[in-house]
2 protein chains.
Amino acid sequence: MVLNNIDFTGLPDPSESNCQTTREILDLIADKWSLYIIIMLRNGPRRFNQLRRDVEGISQRMLTLTLRGLERNGLVTRTMYPTIPPRVEYELTKLSATLLTPVMGLVVWVDSNKDKIGVARQLYDDREME
Amino acid sequence: MVLNNIDFTGLPDPSESNCQTTREILDLIADKWSLYIIIMLRNGPRRFNQLRRDVEGISQRMLTLTLRGLERNGLVTRTMYPTIPPRVEYELTKLSATLLTPVMGLVVWVDSNKDKIGVARQLYDDREME
DNA sequence: CAGCATCCGAGGCGATACTG
DNA sequence: CAGTATCGCCTCGGATGCTG
């Protein structure tokens with residue numbers, strides 16, 4: 001299978017049983033908050049409350065939990081500076097830096113196509129009205 | 001900002017207030033099931049129960065709901081053949097065909113790096129044990 | 001500042017039963 | 001086959017209050 005000059009032939013199908021891991025890991029990335037945190041860290045390290053403001057709508061609880069998850073999976077490092085007041089910086093790892101490319105690809109796509117999606121949605125909703 | 005030969009400078013930041021739409025649409029894609037359905041439709045049209053088997057673990061309810069959402073946003077077409085028994089085929093649109101590239105980019109990344117993530121996770125969990 | 005602990009409410013989601 | 005409708009659980013996640 002070749003699409004847009006990219007060859008997907010023989011690519012693992014997340015539905016296949018031996019790909020449980022791929023499926024599981026894709027779930028990690030595709031959750032509501034992880035994606036945004038990764039995006040917000042793309043320009044360098046950020047502190048906890050900076051991220052809280054960056055990722056609009058996230059609660060402290062979910063920020064903590066999501067950061068722990070990302071840290072656990074080696075996608076984010078957590079650095080504590082034992083100053084007063086304490087300071088903690090989160091940063092992408094080498095691993096997640098390479099993840100940024102496909103992720104930003106998604107963002108670019110969404111930004112380029114959000115108008116089309118808006119139109120499609122409007123059309124769909126109008127039809128429902130009848 | 002240039003990363004992996006891709007220039008992200010001036011890219012919309014989902015945190016900016018004028019990008020509510022981008023954020024909203026990214027949420028559509030980043031939900032638990034949409035991604036998998038899109039992936040499963042990458043090789044051509046599929047019927048309802050085929051998809052149900054493809055996307056392991058999805059309930060009939062969530063398949064229906066997710067497909068409706070994708071249809072509403074112009075990412076999937078629904079074609080009914082009024083035969084007996086009825087037959088319904090779901091297929092990607094031109095729009096979502098272009099989405100496949102970044103999505104599969106993500107899948108490729110996950111598949112190439114799942115081992116590293118597994119190692120990182122193991123390390124993290126071992127540390128917690130102490 | 002950067003969290004952890006606890007409580008608790010909405011709703012996501014599965015299970016089941018029924019239709020064209 | 002391809003759904004819709006209803007019920008109810010249970011988890012996700014927000015709100016609040018407390019610590020180093």
Side-chain angles (χ1 to χ4, degrees), chain A residues 15 23-24 26-37 40-41 44-73 76-92 124-125 127-130, chain B residues 15 23-24 26-37 40-41 44-73 76-92 124-125 127-130:
Chain A
S15 74
R23 170 73 178 271
E24 181 195 340
L26 199 47
D27 280 346
L28 290 177
I29 295 165
D31 88 299
K32 191 172 169 57
W33 301 115
S34 297
L35 217 52
Y36 292 112
I37 294 180
M40 291 311 167
L41 289 175
R46 303 285 288 167
R47 301 176 59 174
F48 186 83
N49 278 333
Q50 282 180 328
L51 281 174
R52 201 138 104 90
R53 285 184 294 269
D54 288 342
V55 185
E56 209 166 331
I58 197 171
S59 67
Q60 188 190 46
R61 175 190 164 85
M62 288 318 294
L63 181 55
T64 302
L65 288 179
T66 309
L67 282 171
R68 288 293 166 279
L70 290 172
E71 194 190 350
R72 175 169 184 250
N73 293 295
V76 155
T77 60
R78 178 178 184 276
T79 314
M80 261 203 60
Y81 300 91
T83 57
I84 294 178
R87 194 173 119 219
V88 179
E89 283 190 348
Y90 293 93
E91 191 171 11
L92 294 185
Y124 185 92
D125 290 347
R127 299 189 121 195
E128 295 301 284
M129 284 303 174
E130 302 170 7
Chain B
S15 74
R23 171 73 179 272
E24 181 194 340
L26 200 48
D27 281 345
L28 289 178
I29 296 166
D31 85 301
K32 192 173 171 55
W33 301 114
S34 295
L35 260 184
Y36 292 111
I37 294 181
M40 291 313 167
L41 288 175
R46 304 285 288 167
R47 300 177 58 176
F48 187 84
N49 279 331
Q50 282 180 327
L51 282 174
R52 203 138 102 90
R53 286 185 293 272
D54 287 343
V55 184
E56 210 165 332
I58 196 171
S59 68
Q60 190 191 41
R61 172 191 165 84
M62 288 317 294
L63 182 54
T64 302
L65 289 179
T66 308
L67 282 171
R68 289 292 167 279
L70 290 173
E71 194 190 351
R72 174 168 186 253
N73 293 296
V76 155
T77 61
R78 178 177 184 274
T79 313
M80 260 204 60
Y81 301 91
T83 58
I84 294 179
R87 197 173 117 219
V88 178
E89 282 191 349
Y90 294 92
E91 191 172 9
L92 294 185
Y124 185 93
D125 291 348
R127 298 190 122 195
E128 295 302 282
M129 283 304 176
E130 299 168 8

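Below, each value reflects all heavy atoms present in this structure, side chains not excepted, and no hydrogens, waters or symmetry copies. Naming: A, B, ... by sequence-line order, numbering from 1 per chain.
- Taking R87(B) as the reference, E89(B) meet the side-chain hydrogen bond (donor to acceptor under 3.5 Å, both in side chains) condition, with sequence neighbours excluded.
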| task | Give the C-alpha distance, both sets of side-chain angles, the deciding distance and a yes or no for side-chain contact (heavy atoms from CB on, under 4.5 Å) between V88(B) and R47(B). | result | CA-CA 6 Å; V88(B) 178; R47(B) 300 177 58 176; over 6 Å; no

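- For the pair Y36(B)/D54(B), no side-chain contact is recorded, criterion being any heavy-atom separation below 4.5 Å from C-beta on.
- Across all strands, R52(A) comes closer than 4.0 Å to no nucleic acid atom at all (heavy-atom distances).
- The two residues M62(B) and T66(B) come nearest to each other via the heavy atoms O-OG1, 2.6 Å.
- For DNA chain C, the span of nucleotides reached by chain B at under 4.0 Å from its heavy atoms goes, 5' to 3', from dC13(C) to dG20(C).
- Residues P45(A) and E91(A) share a closest heavy-atom pair of CD-OE2, 3.9 Å.
- Between its opening and closing five pairs, the helix from dC1(C)-dG20(D) to dG20(C)-dC1(D) changes axis direction by 50°, a value rounded to 10 degrees.
- Separation of atoms CG (L70(B)) and CZ (R78(B)) is listed at 13.0 Å; rounding is to 0.5 Å.
- Note that CH2 of W33(A) is 9.5 Å distant from CG of L63(A), once rounded to the nearest 0.5 Å.
- Within 4.0 Å (heavy atoms only), R68(B) reaches sugar-phosphate atoms of the nucleic acid but no base atom.
- A heavy atom lying under 4.0 Å from DNA chain C marks the following residues of residues 58-67 of chain A, by number: Q60(A), R61(A), T64(A).
- Here OG of S59(A) is found 8.0 Å from CG of L65(A). Values are rounded to the nearest 0.5 Å.
- How far OH of Y124(B) is from CZ of R68(A): 6.0 Å, rounded to the nearest 0.5 Å.
- Using a 4.0 Å heavy-atom cutoff across all strands shown, Y81(A) reaches no nucleic acid atom at all.
- Judged as a side-chain contact (heavy atoms from CB on, under 4.5 Å), and not counting sequence neighbours, the contacts of L92(B) are I38(B), L41(B), V76(B), S96(B), L100(B).
- Contact footprint of chain B on DNA chain D: nucleotides with an atom under 4.0 Å from a non-hydrogen protein atom, first to last in 5' to 3' order, dC1(D) to dT6(D).
- Of the options T79(B), I37(B), L51(B), a side-chain contact (heavy atoms from CB on, under 4.5 Å) to Y90(B) is made by L51(B) and by none of the others.
- For the atom pair CG of N49(A) and CZ of R46(A), the computed distance is 11.0 Å after rounding to the nearest 0.5 Å.
- Atoms CZ and CD, from R52(B) and Q50(B) in turn, are 13.0 Å apart once rounded to the nearest 0.5 Å.
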